[in-house]
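All remarks here apply to the structure that follows.
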Amino acid sequence: MRQQQAESDKEKPLLEDMRLLGQILGEVIREQEGDEAYALIEHIRQLAVADRRGQAESEPNPNPDSASNPNSAPQGATGPLENLLHGLSGDQAVTVVRAFTYFSHLANLVEDRHFLRRREDHERRGEQSRGSVGGALARLAAAGIGHADVVATLERAYISPVLTAHPTEVQRKSILDAEKAIADLLGRREQLRQAQARDPADVRLPGYQRDTEAAIRARITQLWQTRMIRNAKLTVQDEIDNALSYYESTFLAEVPALYQGLEDRLDGARLPVFFRMGQWIGGDRDGNPNVSATSLRYALQRQSRMALRHYLAQVHALGAELSLSERRVAVSAALQDLAQSSDDDSERRADEPYRRALTVVYARLAARLRTLSANENIYPHESVTRPAYSAVDEFLHDLRVVETSLKENHGAALAAGRLRSLIRTAEVFGFHLATLDMRQSSDQHESVIAELLRAAGLAERYEALDEAARRDLLLHTLADPRPLTIPGHAYSDHTRGELDIHAAAREVVETHGAHALRHYIISHTEDVSDLLEVLVLLKEARILTGAWPAQARTPVIVVPLFETIGDLRRAPDIMREYYALPGIAALVLRSGAEQDVMLGYSDSNKDGGIITSHWELYVAEVALARLFTELSAQNGATLRLRMFHGRGGAVGRGGGPSYEAILAQPPGTVNAQIRLTEQGEVIASKYANPEIARRNLETLVAATLEATLLPDAHPVREEYLAAAQALSDAGMAAYREVVYGIPDFAAYFYEATPVREIAELNIGSRPASRKPGRKLEDLRAIPWGFGWGQSRLTLPGWFGLGSAVDRYVAAHPDGAQAAWQLLREMHQEWPFFRTLVANIDMVLAKSDMDLARKYSTLVEDRALAATVFDAIAAEWHRTVAALTRITDSADRLAGNPGLARSMRHRFPYIDPLHHIQVELLRRWRAGETDERIQTAIHISINGIAAALRNSG
């Protein structure tokens with residue numbers, strides 16, 4: 001009872017904030033749309049609550065497989081809620097959907113504030129939570145690992161979140177900006193509430209609180225009067241600009257703060273640069289014809305301009321702070337030289353050497369910025385002009401001259417503030433801001449190479465050669481000092497475009513430095529020749545230089561991406577054969593001794609289901625780590641392997657909590673090296689709020705340190721590995737029997753989910769499908785997961801576990817009891833299996849078979865609907881039963897009370913969106929041409945995605 005009361009007390013501020021924003025939203029709707037609209041919305045909410053309560057109170061059906069048969073439900077209105085929705089006009093539909101969608105958005109803000117509140121409360125009590133840097137250092141210390149070991153690890157570390165533009169972010173930037181303002185106001189309201197608790201007699205505080213709530217009301221009014229969805233498709237340039245807004249609001253401030261916080265905890269140790277930001281937007285042209293040489297140049301130009309403008313602002317502010325007079329304090333000779341080089345003869349600054357020195361720094365930054373854009377509005381420093389910095393190291397040299405002089409002359413306190421942060425910012429972000437990756441599919445490289453070889457008379461049909469012949473020809477081409485391209489030859493538009501983007505990449509590296517473009521990712525890597533083709537293209541662009549193989553080097557890491565189950569199984573052999581070729585190991589060692597390997601979660605899941613996807617990733621990582629240990633020994637030098645995890649938002653695409661995911665990696669595979677993608681709506685949820693962003697950035701560092709320095713005390717038991725393999729085999733078989741085995745399964749997916757309508761949303765520059773048509777093989781994994789999330793089946797995140805467990809238990813040689821005991825031990829002791837089970841548990845908690853059944857009524861072929869839905873429902877029940885026995889809990893999310901609370905509070909507002917969406921989809925597909933119906937459908941997709949948060 002006391003524990004329940006304590007939990008209730010903890011939820012109190014959350015519920016108060018939720019009620020406040022809900023009340024204000026309701027008042028705004030009443031004011032803007034009238035009493036009748038408000039009453040309609042409230043009536044729908046009450047009917048949805050009653051509908052859910054009726055489901056919860058109904059007796060469980062002893063035969064769930066047949067109970068879910070969609071043939072049992074008529075396709076028209078079946079109750080008060082459906083009858084009401086059936087009669088909504090187009091205007092009413094838009095208003096109602098906007099109301100419930102905005103509540104979902106506001107609920108996210110409230111929950112984020114509550115998360116920060118709880119985290120701060122823990123820290124005030126001296127508690128170190130999991131996922132925090134403090135918690136990681138405490139666990140390391142308890143294991144006898146001291147600060148010196150941590151610093152040594154960070155000296156060889158490379159941690160990088162990489163922002164991508166995959167089309168699951170459905171919110172406009174205008175909406176995100178307004179919601180950020182509301183989040184800030186909620187934070188201010190929290191501070192005022194705490195101040196009032198400390199000093200109830202302060203008569204000013206109630207007025208401040210009223211002003212804050214009035215400001216919240218203004219921003220919610222702004223939201224209501226703002227168009228929620230885009231009326232034009234995003235361009236690549238739009239996506240670049242949207243992503244860069246997170247640097248301006250978050251990363252440029254929070255990443256240096258992350259370093260400083262860690263250094264302070266490590267007794268002031270000066271850490272090397274180990275944490276960098278990555279970016280795909282503008283360089284990822286896999287399946288996106290809109291990415292070109294122009295977008296690549298634009299991305300780096302915009303990135304560089306943002307970094308330089310930030311530095312200019314900070315140097316200007318630093319000049320205001322460092323008003324030190326040489327009549328009061330001495331300065332170093334180097335600082336004096338820098339100051340005198342300004343030729344600043346202003347009497348006002350005659351005795352202020354730091355300010356004169358910083359005018360030089362400012363002028364050189366401004367000159368570099370003007371090389372990117374002659375029309376930049378730069379704060380003038382009178383007539384001081386200087387040549388542009390050619391590299392960030394020159395900028396850092398001058399800043400360190402200032403820092404050293406301050407520290408040597410009683411100014412250490414001044415050096416520890418803005419200047420320290422600016423130096424760290426420049427070290428991390430350079431003049432390029434973030435490392436921009438290039439990505440293209442292997443078949444596109446093959447097409448270009450085939451045309452180049454044909455034009456050069458070296459191979460009439462390269463694409464017809466076997467793998468051995470391809471390798472020989474490509475190695476011969478690398479060794480030939482002559483270029484493969486023929487000046488003046490009329491290449492196809494596709495080949496010309498690919499050659500142009502490689503030429504732009506060379507310009508980017510020359511202009512912005514080697515860190516500006518470090519990784520070239522090859523989608524669908526299926527053999528060694530896929531990697532060699534890229535090396536040939538880099539040679540043609542003069543990014544790979546020097547005679548092959550003795551002197552060849554390149555600043556670009558060629559990164560294979562292994563995506564399907566078959567690709568993952570071949571990954572270790574492909575990399576072994578690649579490094580066995582003459583010159584490859586020497587090239588990599590000469591170019592930095594780093595090899596990234598990217599692992600695809602989305603396509604492997606779509607190919608074989610969640611269990612097999614995770615298991616094959618695990619197996620591939622273990623084999624790759626072992627291989628690179630061998631290669632290092634063979635070459636007498638360390639070849640650093642870095643796994644690049646292509647994680648999406650949904651669990652079916654590798655999503656789920658980052659901390660647990662990193663700790664679940666096989667022992668010895670993290671090794672202080674990790675890159676991972678941050679995609680779609682996850683970017684906003686993690687990084688729009690700077691405080692939340694700092695926690696998420698900390699989590700990546702904490703998890704990497706723990707995974708590197710705290711490996712499991714004992715190797716994974718062989719029986720665990722054998723059980724996982726058996727579960728994977730059975731799970732994949734069950735998954736493919738349904739998804740690829742039921743005839744017309746694709747038709748069910750396209751009709752029972754809003755995937756067709758998702759494709760019409762203006763939420764990304766990339767097409768939803770690789771080819772026209774409705775084959776599952778051609779559909780991208782992103783809309784695949786997004787569609788199942790919208791219909792609340794969330795199939796990619798759990799399907800196959802139930803059958804896998806049933807078949808494993810039935811076949812266990814020691815009987816069912818021994819099998820269940822082993823599965824429970826795996827859950828308790830093995831991080832890989834525990835995280836997999838926890839993620840499936842989370843996805844099942846977000847699924848809803850009653851809502852999903854309503855979507856199945858959209859399928860025209862009723863027999864097909866019955867066949868597919870019954871198969872899915874049967875597997876859902878098997879999976880729930882398996883989880884209950886493995887976790888010893890019948891409650892979903894028993895280990896994640898925060899998410900359980902979130903879902904509980906959201907049901908009354910998510911359910912109406914689903915009911916309305918089904919009704920509107922039926923009307924739109926039946927030929928109702930009212931564009932307001934389509935608009936309402938698109939807004940409902942936004943609202944459901946926002947409510948489920950990691951649905952894409």
Side-chain angles (χ1 to χ4, degrees), residues 51 55 58 60-79 81-83 85-86 606 609 652 731-759 769 772-779 783-800 802-803 806 844 847-880 914-915 917-928 937:
D51 188 77
Q55 294 168 12
S58 62
N61 192 298
N63 187 2
D65 292 359
S66 62
S68 59
N69 188 330
N71 279 325
S72 64
Q75 285 193 257
T78 59
L81 179 57
E82 285 81 359
N83 280 319
L85 298 178
H86 191 65
K606 184 167 162 281
M732 182 170 177
Y735 175 84
R736 292 192 67 87
E737 283 168 10
V738 172
V739 174
Y740 293 96
I742 295 179
D744 294 327
F745 184 91
Y748 178 93
F749 173 68
Y750 275 97
E751 292 180 31
T753 75
V755 68
R756 287 182 286 174
E757 289 72 21
I758 290 168
S769 188
R774 295 171 67 170
K775 289 180 65 178
L776 290 185
E777 290 83 356
D778 297 329
L779 182 71
W784 169 255
F786 203 33
W788 289 119
Q790 288 282 312
S791 64
R792 294 297 287 279
L793 275 173
T794 61
L795 179 145
W798 57 266
F799 195 97
S803 289
D806 282 0
L844 277 177
S847 69
D848 189 305
M849 297 306 291
D850 288 299
L851 288 173
R853 182 158 59 92
K854 294 181 185 296
Y855 282 88
S856 73
T857 65
L858 296 170
V859 180
E860 291 185 12
D861 184 336
R862 303 306 299 147
L864 173 66
T867 298
V868 173
F869 192 84
D870 281 355
I872 294 173
E875 181 63 20
W876 187 91
H877 286 286
R878 282 191 289 268
T879 301
V880 169
H914 286 291
H915 290 293
Q917 188 181 83
V918 170
E919 168 63 23
L920 298 181
L921 286 170
R922 181 175 287 114
R923 287 158 65 174
W924 181 254
R925 293 174 182 179
E928 192 167 331
I937 291 170

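As a basis for the values below, the full set of heavy atoms in this structure was taken, side chains included, without hydrogen atoms, waters or symmetry mates. Keep in mind that what you see is a predicted model, and the values were worked out from it rather than measured.
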*Given F749, which of W784, F869, Y740 fulfils the ring-ring contact (aromatic ring centres under 6.0 Å, His included) condition?*
W784
*State the CD-CG distance between Q790 and L851, to the nearest 0.5 angstrom.*
12.0 Å
_For Y855 and H914, take the angle between the two ring planes, folded into 0 to 90°, and tell me which bin it lands in: parallel under 30, tilted 30 to 60, perpendicular over 60._
perpendicular
*Counting N and O atoms only, with roles assigned by atom type, does the side chain of R862 sit under 3.5 Å from a partner on the main chain of V859, one being a donor and the other an acceptor?*
yes
*Quick one: closest heavy-atom pair of L858 and V918, and the distance?*
CD2-O, 3.7 Å
*Would you please test K854 and E82 for salt bridge (Lys or Arg N to Asp or Glu O under 4.0 Å) and show each step?*
CA-CA 11 Å; K854 294 181 185 296; E82 285 81 359; 2.9 Å; yes
_Do R853 and T857 have side chains that approach each other closer than 4.5 Å (heavy atoms only, starting at C-beta)?_
no
*Which distance, rounded to the nearest 0.5 Å, do you find between the CZ of R923 and the NE2 of H86?*
7.0 Å
*Is there a side-chain contact between R925 and E860 (heavy atoms, below 4.5 Å)?*
no
*Taking all non-hydrogen atoms of both residues, which atom of L85 and which atom of E919 are closest, and how far apart?*
O-CG, 3.7 Å
*Looking only at heavy atoms, which two atoms of S791 and A752 are closest? And how far apart?*
CB-O, 3.7 Å
*Residue pair P796 / F799, side-chain heavy-atom distance below 4.5 Å*: no
*Checking side-chain contact (heavy atoms from CB on, under 4.5 Å) for the pair L793/M849: CA distance, chi angles, key distance, verdict?*
CA-CA 7 Å; L793 275 173; M849 297 306 291; 3.7 Å; yes
*Nearest 0.5 Å, what's the CD1-CD1 distance between I872 and I742?*
7.5 Å
*Would you say Y748 and S856 make side-chain contact, with heavy atoms under 4.5 Å?*
yes
*What pairs with Y735 under ring pair (Phe, Tyr, Trp, His ring centres under 6.0 Å), at least two apart in sequence or on another chain?*
none
*Quick check: does any side chain N or O of E875 sit under 3.5 Å from a backbone N or O of G802, one acting as donor and the other as acceptor?*
yes
_Side-chain donor/acceptor of D744 to backbone N/O of A747, under 3.5 Å_ = no
*Only one of L795, V755, T794 passes side chain to side chain contact (heavy atoms under 4.5 Å, CB included) with W788; say which it is.*
L795
*Rounded distance (nearest 0.5 Å) linking atom OG1 of T753 with atom CZ of R792*: 14.5 Å
*When rounded to the nearest 0.5 angstrom, what is the spacing between CZ in R878 and CG in D806?*
6.5 Å
*Who pairs with W876 by side-chain hydrogen bond (donor to acceptor under 3.5 Å, both in side chains), at least two apart in sequence or on another chain?*
S847
